[in-house]
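Here the structure is laid out as structure tokens; the discussion comes afterwards.
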Protein chains: 2
Amino acid sequence: MFALKGIIIHTPTKDTLEIHENEYVLVSDDGICEGIVSLLPDAYQKAKVYDYTDCFIFPGMCDMHVHAPQYGFRGMGLLIDGDSDWSTWFDNYSFPEESQYKDLGYAEKAYSRFVNDLLTKTTTTRASVFATIHRPATEYLMKKMAEAGFSAFVGKLNMDRNSKYGLIETMEESIEETERWLEDTASPEYGDVKPIITPRYTPSCTDPLMEQLGILAEKYQVPVQSHLSENLEEIEWVKQLKPEISFYAQAYDMYGLFGSKVPTVMAHCIYPLDGEFELLKNRDVMVAHCPACNLSAANGIAPVLDYLEAGIKVGLGSDMAGSYTLNLLYNITAAINVSKARFFMIEQNGDPYAKKHFLSVANAFYLATKGGGQFFGKVGSFEEGYEFDAVVYDSRMLNDFRERSVEDRFHRLLWTFEQAMICSKFIRGKLVYENPEF
Amino acid sequence: MFALKGIIIHTPTKDTLEIHENEYVLVSDDGICEGIVSLLPDAYQKAKVYDYTDCFIFPGMCDMHVHAPQYGFRGMGLLIDGDSDWSTWFDNYSFPEESQYKDLGYAEKAYSRFVNDLLTKTTTTRASVFATIHRPATEYLMKKMAEAGFSAFVGKLNMDRNSKYGLIETMEESIEETERWLEDTASPEYGDVKPIITPRYTPSCTDPLMEQLGILAEKYQVPVQSHLSENLEEIEWVKQLKPEISFYAQAYDMYGLFGSKVPTVMAHCIYPLDGEFELLKNRDVMVAHCPACNLSAANGIAPVLDYLEAGIKVGLGSDMAGSYTLNLLYNITAAINVSKARFFMIEQNGDPYAKKHFLSVANAFYLATKGGGQFFGKVGSFEEGYEFDAVVYDSRMLNDFRERSVEDRFHRLLWTFEQAMICSKFIRGKLVYENPEF
């Protein structure tokens, strides 16, 4: 058992941001939170206490949509002018880069960097990761993440149509490699890093492939992730590919890939037209909201408040490299920003006195922690019984020429996190990173 | 005379981004650009050459709207939930903080920090700055900026109504102090830091005050800055305060404070309704576009592409503390992002194949450099005859496990500038900052 002392901040509900100033969060021997207290109880008198007085202690964050192989080209080439679009970005960056991962040596260099940066430069402790179609590279990434102490789902992608640069499989190869990967990754060396069935998205997968993936997901009881309704062009394309369905989500649901058999998380969900909203709710599918990418890819803004109000599960995704940084703090503020844009461009409707309707700081922090955490069990909060994941930030540089309140420093951290320093990180009760500069 | 060698990037027109890879930019003894060349001409053979091979050399950037006293509460309290609005932010942060600047000791501490950070942590070389109503503090700020080598306009604010916390003047005090300030700051110790007449905005200034400010601006031939059409509530308020006018800009124009007598820059201009657009153009008034604040304050998105296409001058503003960082690189990408939001929320109108219409990287870089630079003369470009302002960034950390093209590193710098290092800064041909870590 051990305890951390510091400024403990978490969101037990989507509307409740709790700040416990220089109190203790207690952690049991098996890595489970035993509550937040102002004085150490008797049972903890001899336990180790990590003294993070005046530092912020947050629940570790859950990146519910991240393309690991795209980290290498973050910040590059995404809709740099009105003539560029999704397909030029795929053609110039995404597909050529991902195709390099057939070379395991390349994958080792790139994924080592990714895992190191994810560990040391971000708030992330859990993630739902897209790799590439390549089984060996995906297994390497998973082992590397397990070594670093992460708890995560990682997907070998499936793609048997509409690709380029050799980044494509036959249906048979795709299924064979996927099943082998599911068996390989049952080995203990993968720790808490588990496979997740990952059809890239409907335009990348033929019907027979989708059907087989549904069978594998059920057989191995492995969850599912994919993309859904990310932009108008994609939705139109899916309509053409599958004229028999009445909305996009059915293209997954008809093969058991939309929450009916195993838990499912879908990235984006920006335009939940015609029954899709209801199906998200009825199938208990989690939405991975990717606000930075909503803007950078000029896709639109997901109706996150509507999802939350309807009780649909929502987590936050960096969507690397549709956004530019792996640190989810960036996407917390992006989520607030885009919801403001949605408010004044859709809901305000010219009324200067319209009731404000956008994500609060509490809402956005919740998305990044307990919102996404639901996909992993009891994760993303310091309530009793939750698995202890935490990230600690030094708050000292958030004062300047005069001292500011804890709440003000917290807000400043969210908006200017690049100025502050990560001190340490814990995953499932284990210290996985300590910053030597702290 | 001297020269800089490196990756020279500038935008001679709003649509032309030029990249000169490891060439030279030449600077005359009087600090004027003499062109970009691939080989040093004879006349420069004995001149000093700053070797920034593989570093980016940009024109110094022009922050056309920045509240210096708000730097102290950046990242704090701005619309943190649906119950907060502009007026709570003014009441809780803006007015109480600004009122502290009546204490010169406080102002010295705060402004020293501001000037130091503006010099060492940002791309800014020129600025149009709002101070507070306090003359002594404003003069301190101006001297400090001059000492640091900046070329700038700084305004003592005028406010004789609708304020709190003692942050208010009588009309007579306001005019008396303003005139004394105009005379004080004619002294050589203010270098290139010049006064600019600054009615905070119409709700802060009575008609008699506005009238007197118009007279002073003309008498001393000093330019004017203020806020215009920032959000729907403010526009509604101005309508109530001045029922006789047909659009907001007339509230300035009727007193000679809208470009008819002296150059004028207006922040925001988000809703240019009913003739305002035409008046901006006819009076040659510069728009200071503040994209980060467009989102953070949930105001709306200025129609910047329309302004540019109509030939209206547009510069970029950080609008500290409506945004969170002083570095205009943040607002370059914010300008691109918000224009994408404007595209997909207004112009795309449900058409998946609508022609994309948003700011390109070239457009946004132009706004931050030559766009705003027009307010200072021939500034913001490395074309021959332009005053030499420059900022140099190390580009080495923008590669990672493999080398990327110059263009890719440039884009990555824009989106993740916090990872990169400023090497040095030049203003009007003078080296004003060298990073000891470079």
Side-chain angles (χ1 to χ4, degrees), chain A residues 72-85 109-110 112-113 231-233 235-236 295-301 324-325 333 336-338 340-346 348 350-353 355-358 360-363 398 400-402 404 408 411-416 418-419, chain B residues 72-85 109-110 112-113 231-233 235-236 295-301 324-325 333 336-338 340-346 348 350-353 355-358 360-363 398 400-402 404 408 411-416 418-419:
Chain A
F73 60 90
R74 66 194 176 284
M76 296 175 182
L78 189 55
L79 276 66
I80 61 169
D81 59 43
D83 294 324
S84 49
D85 60 21
K109 268 188 269 177
S112 299
R113 182 102 181 193
N231 61 60
L232 296 172
E233 251 175 296
I235 293 169
E236 201 59 34
L295 286 187
S296 61
N299 284 331
I301 297 171
Y324 308 102
T325 158
T333 53
I336 296 170
N337 274 343
V338 300
K340 287 177 177 172
R342 196 176 160 90
F343 163 72
F344 62 65
M345 301 198 76
I346 295 182
Q348 188 171 27
D351 173 7
Y353 311 115
K355 166 79 185 140
K356 303 283 196 302
H357 187 246
F358 45 73
S360 66
V361 170
N363 293 159
L398 299 161
D400 38 50
F401 62 96
R402 71 181 178 99
R404 301 286 174 169
D408 281 343
H411 289 158
R412 177 173 283 173
L413 174 65
L414 296 182
W415 290 101
T416 64
E418 303 271 13
Q419 323 288 311
Chain B
F73 60 89
R74 67 194 176 283
M76 295 175 181
L78 189 55
L79 277 65
I80 62 168
D81 59 43
D83 294 325
S84 50
D85 60 20
K109 269 189 268 177
S112 298
R113 182 102 181 192
N231 61 60
L232 295 172
E233 251 176 297
I235 293 170
E236 201 59 34
L295 286 186
S296 61
N299 284 331
I301 297 172
Y324 309 101
T325 158
T333 54
I336 296 169
N337 275 342
V338 302
K340 286 177 177 172
R342 195 176 160 90
F343 163 71
F344 62 66
M345 301 197 76
I346 295 182
Q348 187 172 27
D351 173 8
Y353 310 115
K355 166 77 186 142
K356 304 284 195 304
H357 188 245
F358 45 73
S360 65
V361 170
N363 294 159
L398 299 161
D400 40 48
F401 63 95
R402 71 180 177 99
R404 300 287 172 168
D408 282 343
H411 289 158
R412 176 173 285 174
L413 174 64
L414 295 182
W415 291 101
T416 65
E418 303 271 13
Q419 323 288 309

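Order of the sequence lines sets the chain letters (A, B, ...), proteins ahead of strands, with each chain counted from 1.
In this structure, CE in B:M76 is found 4.5 Å from CG in A:D408, a value given to the nearest 0.5 Å.
In this structure, no portion of B:L414 lies under 4.5 Å from any heavy atom of chain A. Only the backbone of A:D351 comes within less than 4.5 Å of a heavy atom of chain B; no side-chain atom from C-beta onward does. For a residue to count as touching a neighbouring chain, one of its non-hydrogen atoms must lie under 4.5 Å from one of that chain's; by this rule A:L79 touches chain B with backbone and side chain alike. Heavy-atom distances place no part of B:I235 under 4.5 Å from chain A, backbone and side chain included. Interface residue B:N299: only backbone heavy atoms are found under 4.5 Å from chain A. Looking at B:S84, the atoms closer than 4.5 Å to chain A (heavy atoms on both sides) all sit in the backbone: N, CA, C or O.
Put simply, the side chain of A:T325 does not reach to within 4.5 Å of the side chain of A:R74, judged on heavy atoms.
When each of A:R404, A:E236, A:R342 is checked for heavy-atom pairs under 4.5 Å with chain B, A:R404 comes out on top. Between chain A and the residues B:V338, B:N231, B:N337, B:L232, the most heavy-atom pairs under 4.5 angstrom are made by B:L232. With chain B as the partner, the residue from A:H411, A:R412, A:R402 showing the most heavy-atom pairs under 4.5 Å is A:R412. Top candidate by heavy-atom pairs under 4.5 Å with chain B, chosen from A:I336, A:L295, A:L398, A:D85, is A:L295. When the candidates B:V361, B:I80, B:T333 are compared by the number of heavy-atom contacts under 4.5 Å with chain A, B:I80 comes out ahead. When each of B:F344, B:F343, B:F73, B:Y353 is scored by its heavy-atom pairs under 4.5 Å with chain A, the top score falls to B:F344. Here B:A110 is the residue among B:A110, B:G77, B:A297 with the most heavy-atom pairs under 4.5 Å with chain A. When the candidates B:I346, B:I301, B:T416 are compared by the number of heavy-atom contacts under 4.5 Å with chain A, B:I301 comes out ahead.
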- List the steps, then state whether salt bridge (charged side-chain N to carboxylate O under 4.0 Å, His left out) holds for B:K355 with A:D83. CA-CA 8 Å; B:K355 166 77 186 142; A:D83 294 324; 2.8 Å; yes

- Between B:Q348 and B:H357, does a side-chain contact (heavy atoms from CB on, under 4.5 Å) hold up when you go through it step by step? CA-CA 9 Å; B:Q348 187 172 27; B:H357 188 245; over 6 Å; no

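Across every non-hydrogen atom of B:D400 and A:G72, the tightest pair is OD2-O, 4.1 Å. Of all heavy-atom pairs spanning B:G82 and A:F358, the tightest one is N-CE1, 3.9 Å. Between A:G75 and B:W415, the shortest heavy-atom contact is O-CD1, 3.6 Å.
Checked by atom type and distance alone, the side chain of B:S360 pairs as donor or acceptor with a backbone atom of B:N363 at under 3.5 Å.
A cation-pi arrangement, defined by a distance under 6.0 Å to the six-membered ring centre and an angle within 45 degrees of its axis, is absent between B:K109 and A:F401.
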